[in-house]
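Below is one structure, written out as structure tokens; the observations come after it.
Every chain is numbered from 1, with letters handed out A, B, ... down the list of sequences.
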2 protein chains.
Amino acid sequence: MNQPITSADKTFIALRDDIVEGRIQAGSKLSETELSTKYAVSRAVIREAINRLESCHIVERKANVGARVVALSPQGLIELYQVRESLEGMAARLAATNMTDQEIDDLSALLQSHFDEVKGGESYYQEAGDVDFHYRIILGSKNKHLISMLFDGIYHLVRMYRVQLGMAGPRVTTAYDEHKHIVQAILNRDAELAEMLMRRHILYSKNSIERKLS
Amino acid sequence: MNQPITSADKTFIALRDDIVEGRIQAGSKLSETELSTKYAVSRAVIREAINRLESCHIVERKANVGARVVALSPQGLIELYQVRESLEGMAARLAATNMTDQEIDDLSALLQSHFDEVKGGESYYQEAGDVDFHYRIILGSKNKHLISMLFDGIYHLVRMYRVQLGMAGPRVTTAYDEHKHIVQAILNRDAELAEMLMRRHILYSKNSIERKLS
DNA sequence: AAAGCATAAATTGTCGACAATTTATGCTTT
DNA sequence: AAAGCATAAATTGTCGACAATTTATGCTTT
């Protein structure tokens, strides 16, 4: 979905953001009638929005009983990162062969701009910057399934964990180096290495988070 | 969804099977009113079923225009196998550490029964047997996201390709050896090797299919 | 005759109402 | 007083109707 068109699109996004940002509590029940008045749309629209959230693994629904926001747990975060490692590793592998020279150039430029910011002492990098970097590589894979699984499915959940467990992108400087090496591997069209480096990158990130949680 | 409960559940499954088995043509338009009469349910139920099929990547929907069954293409099949390689590789890795001894025993027994069948000259193996083998390893990963992505998402699409491009599981005997090696790696709790072997297994399978297509 | 426009037909999107199911309430029985 | 049951209330599921949008039709203009 590039642009929200229908009322259901907009409600889906509004509801999703309210959940991801924690304005609707994790684990809480989603009452259709309640949400219907809250977002000023019919129950049919709410139901469609909830169905889509279920596809994203953000809510769980039981027939004839209703939907609940998923509960966050350390175990859940670990499982999420395992999937990320797998999928983004493959994305990096494919990106190394499928990205155009132009796209790689742009990626290098993005990385350079991050370097300037990090050197300038700004911490902006960790948030949007990291996401942006990963986005480009995922898109660069040119694999439709990979792209939609990560963007529609995994990434909002990752964001939900980030926001609610309050882990604002750690490891700024080391992550920059890792990014640099990944870009270098892609530049060399070394698919094998690009995958390996991306997997390590995500694994380190997972370990870093695990340490914070315990 | 373990058991279909609501009318929407049943319609979703009926519609999905009709598409996967080719009774509804790939690439064709899905008219809500038409399907409504065909399956003898209201349009609301049809719409919910179509929405779920969209989540499975079996249909594509455009706002205010309607839904179409996805078109099958060699490129699409390749992309699908890339995702399978990635996810099932990780599943095998996780299974090597997370499966119980009992589960591994059962898996070995399953493999033995396949061996007997192959030796007996039956070709039953290739269909349900292969699927069953992969199912167990995926479940053995104990990773919720991995399981649902593969079972709800990827596998029906794979089946759709198998049925419609008429590729009834090739490579029977060689695949058996590959399965055996994977089980051995899991038995040894060698996660690294289990992943590598599973990835190779799926890669070979992809190559074999590619050869048939061209 | 081809292109463009206005109107009609058909299709999807949204709504409120009723049905089916689950959950809460309060009574009865022991 | 606790457990079990019947009934009431609330919630989800399904339906048909209307609104909004897209697509098809046929006329007008050049």
Side-chain angles (χ1 to χ4, degrees), chain A residues 1-19 23-71 148 152, chain B residues 1-19 23-71 148 152:
Chain A
M1 188 192 334
N2 249 351
Q3 200 87 341
I5 308 238
T6 66
S7 179
D9 291 339
K10 290 169 199 160
T11 306
F12 163 63
I13 290 174
L15 187 53
R16 186 185 64 191
D17 287 350
D18 281 346
I19 291 172
R23 289 185 288 276
I24 294 176
Q25 203 175 9
S28 63
K29 176 95 198 299
L30 292 178
S31 159
E32 293 182 0
T33 48
E34 201 177 302
L35 295 174
S36 175
T37 57
K38 181 173 174 183
Y39 293 97
V41 290
S42 76
R43 262 185 62 226
V45 170
I46 291 291
R47 280 175 67 81
E48 183 165 339
I50 289 178
N51 277 334
R52 291 200 213 164
L53 287 170
E54 195 190 9
S55 307
C56 303
H57 301 254
I58 286 176
V59 315
E60 286 167 347
R61 153 169 278 185
K62 258 181 17 189
N64 286 318
V65 173
R68 303 195 83 87
V69 178
V70 292
S148 90
D152 301 339
Chain B
M1 188 192 333
N2 249 352
Q3 199 89 340
I5 309 239
T6 65
S7 178
D9 292 340
K10 290 168 200 159
T11 307
F12 163 63
I13 290 174
L15 187 53
R16 186 186 63 192
D17 287 351
D18 282 346
I19 291 173
R23 289 183 289 275
I24 294 175
Q25 202 175 10
S28 63
K29 175 97 199 300
L30 294 177
S31 157
E32 294 182 0
T33 49
E34 202 178 301
L35 295 173
S36 175
T37 57
K38 181 173 177 183
Y39 294 97
V41 290
S42 75
R43 261 186 62 225
V45 170
I46 292 291
R47 280 176 66 81
E48 182 164 340
I50 289 179
N51 277 333
R52 290 198 214 164
L53 288 171
E54 194 190 8
S55 306
C56 302
H57 301 253
I58 287 176
V59 315
E60 286 167 346
R61 154 168 278 186
K62 259 185 10 193
N64 286 318
V65 174
R68 303 194 83 88
V69 179
V70 292
S148 89
D152 301 340

Report, one pair per line, the protein and nucleotides 14-17 of chain D atoms (nitrogen or oxygen only) whose separation is under 3.5 Å.
| residue | atom | partner | partner atom | Å |
| --- | --- | --- | --- | --- |
| D/dT14 | OP1 | B/Ser7 | N | 2.5 |
| D/dT14 | OP1 | B/Ala8 | N | 3.4 |
| D/dC15 | OP2 | B/Ser42 | N | 2.7 |
| D/dC15 | OP2 | B/Ser42 | OG | 2.7 |

> When you look at A/Gln25 and A/Val69, which way does the side chain to side chain contact (heavy atoms under 4.5 Å, CB included) test go after all the steps?
Replying inline: CA-CA 7 Å; A/Gln25 203 175 9; A/Val69 178; over 6 Å; no
> Does the pair B/Ile24 and B/Leu30 meet the rule for a side chain to side chain contact (heavy atoms under 4.5 Å, CB included), with working shown?
Replying inline: CA-CA 9 Å; B/Ile24 294 175; B/Leu30 294 177; 4.1 Å; yes
> Who passes salt bridge (Lys or Arg N to Asp or Glu O under 4.0 Å) against B/Arg47, sequence neighbours left out?
Replying inline: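 B/Arg47: salt bridge (Lys or Arg N to Asp or Glu O under 4.0 Å) contacts with A/Glu48, B/Glu32.
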>> Which residues pass the salt bridge (Lys or Arg N to Asp or Glu O under 4.0 Å) test with B/Arg68, not counting sequence neighbours?
In response: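 Salt bridge (Lys or Arg N to Asp or Glu O under 4.0 Å) list for B/Arg68, sorted by chain: empty.
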Would you mind reading off the distance between [X] atom [atom1] and [N] atom [atom2], rounded to a whole angstrom?
{"X": "B/Asn51", "N": "C/dT12", "atom1": "CG", "atom2": "C1'", "answer": "12 Å"}
{"X": "A/Lys10", "N": "C/dG13", "atom1": "NZ", "atom2": "P", "answer": "13 Å"}
{"X": "B/Glu60", "N": "C/dT12", "atom1": "CD", "atom2": "C1'", "answer": "18 Å"}

Any idea which heavy atoms bring [X] and [Y] closest together, and the distance?
{"X": "B/Ala67", "Y": "B/Ile50", "result": "CB-CG2, 3.7 Å"}
{"X": "B/Val70", "Y": "B/His57", "result": "CG1-O, 3.4 Å"}
{"X": "A/Ala49", "Y": "A/Leu15", "result": "CB-CD2, 4.3 Å"}

>> Could you go through A/Arg52 and A/Asp9, starting from their C-alpha distance and side-chain angles, then the distance that decides it, and tell me whether this counts as salt bridge (charged side-chain N to carboxylate O under 4.0 Å, His left out)?
In response: CA-CA 9 Å; A/Arg52 291 200 213 164; A/Asp9 291 339; 2.9 Å; yes
> Can you name the side chain to side chain contact (heavy atoms under 4.5 Å, CB included) partners of A/Ser55, sequence neighbours left out?
Replying inline: B/Ser55
> According to a 3.5 Å limit on both distances, what stems of 3 or more consecutive Watson-Crick or G-U pairs are formed with DNA chain C?
Replying inline: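 Stems for DNA chain C, defined as runs of 3 or more consecutive pairs: C:1-30 with D:1-30.
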>> side chain to side chain contact (heavy atoms under 4.5 Å, CB included) for A/Arg23 and A/Asp17? Distances and angles first, verdict last.
In response: CA-CA 8 Å; A/Arg23 289 185 288 276; A/Asp17 287 350; 4.1 Å; yes
> Base, backbone or nothing for each nucleotide of nucleotides 5-11 of chain C, written B, S, -, heavy atoms under 4.0 angstrom, 5' to 3'?
Replying inline: ------S
